Q: 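Below you will find the structure I want to go over with you.
None of these values were measured; they are calculated from a predicted model. We're numbering straight along the sequence, starting at 1.
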Amino acid sequence: MEREVLCTGVGGQGVQIAAKTLATAALDEGRQVMLVPRYGGGMRGGMTNAEITIGDQALRALPVATSAWSAYVMDPSYWSTIRPNLADGAVVVVNSSLCAGLGVDVPGARVFEVAASEVASGLGSPMTAGFVLLGAFVAVTGLVGVESAVGAMRQLVPAYRTQHLEVNAGAIRAGAGLLPAGAAPAWGPAAVGAA
């Protein structure tokens, strides 16, 4: 079984580190992973997308998922770049702080809204909104474990930014507490979209 996650946002929102964290956590849990970052020429303020494919066997996915199982949406600006590639019934987790009124327009989609930007500000660290949304995403899907995501983040944060480890971990855990755990499971017989 394979699961695809399409991530979108604006450069500087933490979409790429969140995607790498999810991919690394899946590797740490013994799954096969493919991560394809996609972003515009500017580091901040431009399009930043990522595609992650996670499976329990060797991956057969194409470089571009045309029928993805889920989406992680930090900002609506580039929603149109991933929306056509979502499968009917996709699981879509959105940052409602910035995506209010986002017309998901995917037949049968299971949409989960999290005020990630507001929660991150409430934690005293607005820059962790991407990790808040990631925590919510992994909790609701069970694609990886919450503590696996925390461990992967710890591996990826560079040495010159270790002062952010605890606040990042707190953001992931806070996000995980915002949605019902396993409400849209990725794995097992109750998995959303399972054959």
Side-chain angles (χ1 to χ4, degrees), residues 1-95 98-99 102 104-112 114 116 129-131 133-144 148-149 152-153 155-156 172 175 184-187 191-194:
M1 183 179 287
E2 293 181 7
R3 294 300 189 203
E4 307 83 16
V5 183
L6 301 181
C7 305
T8 189
V10 172
Q13 290 181 317
V15 172
Q16 294 301 326
I17 188 73
K20 288 177 189 174
T21 298
L22 182 59
T24 301
L27 283 171
D28 290 347
E29 290 184 355
R31 299 204 185 267
Q32 301 293 311
V33 178
M34 179 172 37
L35 168 63
V36 181
R38 303 180 195 283
Y39 42 87
M43 271 183 84
R44 299 199 182 275
M47 182 195 80
T48 184
N49 290 355
E51 178 182 318
I52 307 132
T53 303
I54 300 171
D56 52 9
Q57 301 178 50
L59 299 178
R60 64 182 189 280
L62 298 171
V64 175
T66 56
S67 187
W69 176 79
S70 65
Y72 162 110
V73 184
M74 267 301 290
D75 188 279
S77 298
Y78 300 100
W79 166 246
S80 63
T81 66
I82 68 167
R83 188 268 165 251
N85 293 331
L86 290 172
D88 289 357
V91 176
V92 182
V93 181
V94 301
N95 176 10
L98 301 176
C99 298
L102 177 69
V104 170
D105 191 30
V106 174
R110 299 199 54 196
V111 180
F112 297 89
V114 175
F131 283 129
L133 194 64
L134 179 64
F137 181 89
V138 300
V140 79
T141 64
L143 192 60
V144 299
S148 294
M153 174 277 299
Q155 294 174 53
L156 294 169
I172 293 170
W187 313 114
V192 175

Q: Of all heavy-atom pairs between Ile52 and Ala23, which one has the smallest distance, and what is that distance?
A: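 Taking Ile52 first and Ala23 second, the nearest heavy atoms are CG2-CB, 4.3 Å.
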
Q: Where do Met34 and Leu59 come nearest, in terms of heavy atoms and distance?
A: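 Looks like N-CD1, 3.5 Å.
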
Q: Backbone N or O of Trp69 within a donor-acceptor pair of the Arg3 side chain at under 3.5 Å?
A: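 No; zero donor-acceptor contacts below 3.5 Å.
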
Q: Can you check whether Leu6 reaches Asn49 side chain to side chain, under 4.5 Å on heavy atoms?
A: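 SC-SC contact between Leu6 and Asn49 ruled out.
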
Q: Taking all heavy atoms of Trp187 and all of Leu143, pick out the closest pair and write down the distance.
A: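 Between these two residues, the closest heavy atoms are NE1-O, 3.1 Å.
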
Q: With Ala50, which residues qualify under side chain to side chain contact (heavy atoms under 4.5 Å, CB included), at least two apart?
A: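 If we apply the side chain to side chain contact (heavy atoms under 4.5 Å, CB included) test to Ala50, skipping adjacent residues, the hits are Cys7, Gln16, Ala19, Leu35.
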
Q: Looking at Arg31 and Asp56, what are the two nearest heavy atoms and their distance?
A: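 The answer is NH1-CB, 3.7 Å.
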
Q: Verify side chain to side chain contact (heavy atoms under 4.5 Å, CB included) between Arg83 and Val106, making sure each step is shown before the conclusion.
A: CA-CA 8 Å; Arg83 188 268 165 251; Val106 174; 3.9 Å; yes

Q: If you take all heavy atoms of Leu86 and Ser70, which pair is closest and at what distance?
A: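 That closest heavy-atom pairing would be CD2-O, 3.5 Å.
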
Q: To the nearest 0.5 angstrom, please state how far the CD atom of Gln32 sits from the OG1 atom of Thr53.
A: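 That separation rounds to 12.0 Å.
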
Q: Given Asp28 and Gln155, is the side chain to side chain contact (heavy atoms under 4.5 Å, CB included) satisfied, shown in steps?
A: CA-CA 11 Å; Asp28 290 347; Gln155 294 174 53; 2.5 Å; yes

Q: Can you tell me how far apart CZ (Phe131) and CD1 (Ile17) are? Round to the nearest 0.5 Å.
A: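 Nearest 0.5 Å value for the CZ-CD1 distance: 5.0 Å.
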
Q: Which value, rounded to the nearest 0.5 Å, describes the distance between Leu27 atom CG and Ser148 atom OG?
A: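 Between atom CG of Leu27 and atom OG of Ser148 there are 11.0 Å.
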
Q: If you round to the nearest 0.5 Å, how far is CE of Met1 from CD of Gln57?
A: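 It is 10.5 Å, given to the nearest 0.5 Å.
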
Q: So, for Ile172 and Met153, which heavy atoms are closest and what is the spacing to 0.1 Å?
A: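 Here Ile172 and Met153 meet closest at CD1-CB, 4.0 Å.
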
Q: Would you find a donor on one side and an acceptor on the other, under 3.5 Å apart, between the side chain of Tyr72 and the backbone of Gly130?
A: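 Yes, Tyr72 side chain to Gly130 backbone: donor-acceptor pair under 3.5 Å.
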
Q: Distance check, rounded to the nearest 0.5 Å: Gln13 atom CD versus Leu98 atom CG?
A: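 Taking CD in Gln13 and CG in Leu98, the distance rounds to 6.0 Å.
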
Q: In terms of side-chain heavy atoms, does Glu4 have a donor or acceptor partner in Asn85 at a distance below 3.5 Å?
A: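 Looking only at side-chain atoms, Asn85 and Glu4 do not form any donor-acceptor pair under 3.5 Å.
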
Q: Passes side chain to side chain contact (heavy atoms under 4.5 Å, CB included), Trp79 versus Val92? Steps please.
A: CA-CA 11 Å; Trp79 166 246; Val92 182; 4.3 Å; yes

Q: Short question: side chain of Asp88, backbone of Gly108 - any donor-acceptor pair under 3.5 Å?
A: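 Checking the backbone N and O of Gly108 against the side chain of Asp88, no donor-acceptor pair under 3.5 Å is found.
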
Q: Show your working on side chain to side chain contact (heavy atoms under 4.5 Å, CB included) between Asp75 and Asn95 and close with a plain yes or no.
A: CA-CA 7 Å; Asp75 188 279; Asn95 176 10; over 6 Å; no

